[in-house]
Amino acid sequence: MHEEDDSAANPRKNSRILATRSFDVSDCDGTKEQSVKLCGYLNKLTGKGPLRGFKTRWFVYDPRKCYLYYFKTPQDALPLGHIEIADACFNYDVEVEEGLFEIHTEGKEFLLKAPNRQVMHYWLQQLQQKRWDFCKMSGHRDSWCSPTPFFPHTGLVAKDAEAVLYEKPNESMESVRSDFAVEMDSDGLVGLQSARNPVAQPNAALNSLRHWGSEIRNSMSHLRASRGGENRRSVFYTANSEDWEMVNPPNKDTPEHKSPPDSQRRESPTHVQRYSIGSAFTFDFRNPSRMKRPFYMGSGKPNRSAESSPVECNGTKTPELQLRIQSQQEEISCLQEQENQLREELASQKELVHLLQQTLRSSQCDWRSTVSPGNMGPDSHDQAENEVDKALAERDTQIKDLCGHMEKLALEKESLQQELKSLKIKVGEINEQLGMLMETIQAKDEVIMKLSQQSSNEETQSAECNSPSATREQQELDILKDSLQGYKSQNNFLNKEILELTVLRRNAESREKALEAKCTSLEAKLCQVESKYLVLLQEVKTPVCSSSEQTHSGEVITRLLEDALQVESTDQQEHPILKPNAVSEYDIYGFKTVPEEEDEEEKLEAKKRALDLKSLYLTDQETSVRVKWDNYLAITMNREMVRSPELKALMRSGVPHKHRSKVWSWCVNFHVKKIRDGLPKDYYQNLLSMANEKPNPACKQIELDLLRTLPNNKHYASPDSDGIQKLRNVLLAFSWRNPDIGYCQGLNRLAAIALLYLDQEDAFWCLVAIVEVFMPRDYYTKTLLGSQVDQRVLKDLMFEKLPRLHAHFEHYKVDTSLITFNWFLVVFVDSVVSDILFKIWDAFLYEGPKIIFRFALALFKYKEEEFLKLQDPMTIFKYLRYFTHTILDARKLMSMAFVDMNPFPLRQIQNRRTFHLEKVRLELTELEAIRQTFLRERDTTLEGRTLISDDEEDS
């Protein structure tokens, strides 16, 4: 039995496997939607001795290697171990514990347990299907000896996978497999959603029982007296699910309460029925804040539902007390309303008295000022005094009446307050009585529950005593039916397992025979090659004596050259297993390996270059890089990639072909995330629709450059190629996004390289990242100002890093910018071999434009000694045009770029760019001034010149 303790000690060692063995089934098919991720909780038998037992683990299936990794939690980065599904067989026993199944691999046995039988069947069927899909792919077994890498899941190169990797399905075999298959549902316990559902773990049944028991205990605890203001509730439920409640009276210290919402006041019916124990009554002793309206009989008031209506129980006087409390509370509320009204009336009367007093004072002042004793007669003076006395008497009478009314109101207020205090005292006494009654009812409820449980147990025992044989027979019949269904399911599963294992064994045997035949063919081919070269050596060694011998040796050499230049055609690829791996017409990126228009010598050189690249791919160093990437992606299976020194080192070593789509997509999205966040999701589609509706000035130039983009790549070789329409869409969309640039020659090659590994939208954003994020402004505008500046920065760096080569070029006056300008504009497209090109792009998409300077200097350093040997300017310039295609060792080149060129700070490049930018702008300004002066002088000369016709000249 395999233990996870050993694997957990060194997770990297367990996940270490050659990269050529790993392959993502879902990644191959670019046209199909990726299947749902197979992951979830399972119990795994772990430990030794007395500590041996089941532990919950998070399992994730990795289609790249056909591994089933298991983690401690879904958030863990490092797996505890893995199970190889490709070589595994599955089994389970009906008679053992439910959900228990076994996975047998080579020398190891894993015992796993699912939450239930349904989830177990789902896991087993999914694992069977994953194993079947993985084993159907041709080449996954002999990937140890075959250098052909697997294909990514997006981009133009992904479509080549359908013809290379997938075998044609056997319809009869698939129909037989479908006959044994049984549709099973995961019940929400498998998939990414199960990671967010802690209840959906293997011990869910036991946990649910414990949870049910705790809920019963919690419901029983509500029957006890509340402490510290807690709510008390005693609930019984009738057979018709009616809910009857009884509420507490208000406490002494809480005369007023606010009514809470209905969600706090009422329980849902499903929760109410959960603990129903037959026919009984329901009482709800709650806080006054949750009090409900009482049940009215014939009072004309609307009846509430039975859920909120109190009734009488066991002849107690509880309803009478509740009615009294209700009536007293209504009286209290009425008195409070009257008191408020009286207070308002008193306040208004006080304001009225105050206004009258102010009016009286003002009238007296006016009267005294207007009426003086000197201006009046004696009769008018007496008459005015009488009127004033009358008015004052009336005002005094009104003031006395108002004061008496105020005294009456104050007395009424005092009486009402005394009455309110007496009512509060009565309510407190009634609350005490009600508390005693509730304690009595609580004790009665407990007795009723005990009696009801006893009665139900006695009824059950009596029923069993009455018909023990019939019940026992029915139970046995049910058990037999369940067992029969279980054995049927097990039979179907085992039949399918036997059928698949038989087919896989036959495929393995046929693959073994094919490999033996291939080995034999390779040995025969090797013998033929050895004999031909022995003949060639003999012909070369033997001196030529006659013309016939010379002709014969020429024929031998010509025949050997023809055999060497033979390229594996499409017809020869029908049975690739039975034939040696010759040089293919196209490489894995779609570039032509041997150009057709070249002469025989150059074709032979191209084939030699392709064989050298293939041999470099098989080196231990390349294999180590692929293993490191597999381990890194296995670690990041449960989380997104983040920028780190480890990832930076991996990017500088190059991304494997099968992972490049995923890594490039992540790099592009990382650099343009801020831009995309501020735009709608259908931004790219909107640009395409705009390009189809409105003509763009760049359309004509784009159409002219489509077939000239990468003519040596099969994806862009003809107007009907898959990449042409995609390239057109990307360039048109970018021309509408950035009208300042529109289209510049060079953007087509950048987009074409991106489309090899990315879909249209990601390739569009890759172009945006290069032009708008990586490169400086005016890099792709009409003046190409940024590109000119970078050529001067490169010359400064060459003077610093490669002083001898810089002096050599200066001595012979060789301008390297005529060659390197295109390197920077299209990031080395068509300037280096394809393997090196894509490794440069790996680091470029991660780190940015500094990579271009590193590799430009590294290319010159790689061939520095060869340049120094050349002593003629024309020879140096001719060698400059093609020397990059002679560099094949990517590892040596990357070592020079990232080790020999250090230190290489980005700040230094930025400072040099700023310095040269000002100089180039001044030069362009001077050139523009010279051009304008020339145009003015030319116009002046043309105006002053007199043109003479031929007739006048003859005369």
Distance check, rounded to the nearest 0.5 Å: [X] atom [atom1] versus [Y] atom [atom2]?
| X | Y | atom1 | atom2 | value |
| --- | --- | --- | --- | --- |
| L758 | L767 | CG | CG | 11.5 Å |
| R737 | S735 | CZ | OG | 12.0 Å |
| R891 | M894 | CZ | CE | 3.5 Å |

The complete set of ring pair (Phe, Tyr, Trp, His ring centres under 6.0 Å) pairs with one or both residues in residues 771-797, sequence neighbours excluded, reads H671-F774, F774-F844
Would you say [X] has more than 12 foreign heavy atoms packed within less than 6.0 Å of its [atom1]?
| X | atom1 | value |
| --- | --- | --- |
| R643 | CZ | yes |
| K628 | NZ | no |
| R777 | CZ | no |

Are [X] and [Y], when compared by the centres of their aromatic rings, separated by less than 6.0 Å?
| X | Y | result |
| --- | --- | --- |
| W823 | F860 | yes |
| F877 | F809 | no |
| Y589 | H715 | no |

Between the side chains of [X] and [Y], is a donor N or O closer than 3.5 angstrom to an acceptor N or O?
| X | Y | result |
| --- | --- | --- |
| D762 | Y757 | no |
| R907 | Q910 | no |
| E923 | Q788 | no |

Name the orientation class of the two ring planes belonging to W629 and Y632 (parallel below 30°, tilted from 30 to 60°, perpendicular beyond 60°).
-> perpendicular
Shortest non-hydrogen contact from L756 toward F591 | CD1-CE1, 4.3 Å
Considering all heavy atoms of both residues, which atom of V833 and which atom of H885 are nearest to each other, and what is their separation?
-> CG1-O, 3.8 Å
Please assess E866 against K869 for the test salt bridge (Lys or Arg N to Asp or Glu O under 4.0 Å), listing each intermediate value before the final yes or no.
-> CA-CA 5 Å; E866 284 77 0; K869 293 177 183 178; 5.6 Å; no
Enumerate, atom names and distances included, each donor-acceptor pair closer than 3.5 Å involving a side-chain atom of residues 739-751, sequence neighbours excluded.
residue	atom	partner	partner atom	Å
Y743	OH	D705	OD2	2.8
N748	OD1	G746	N	3.1
N748	ND2	T709	OG1	3.2

Electrostatic pair R854:E847 at N-O distance under 4.0 angstrom | no
Salt-bridge present (D630, K658; N to O < 4.0 Å) | yes
Can any side-chain N or O of S895 pair as donor or acceptor with the backbone N or O of K892 at less than 3.5 Å?
-> no
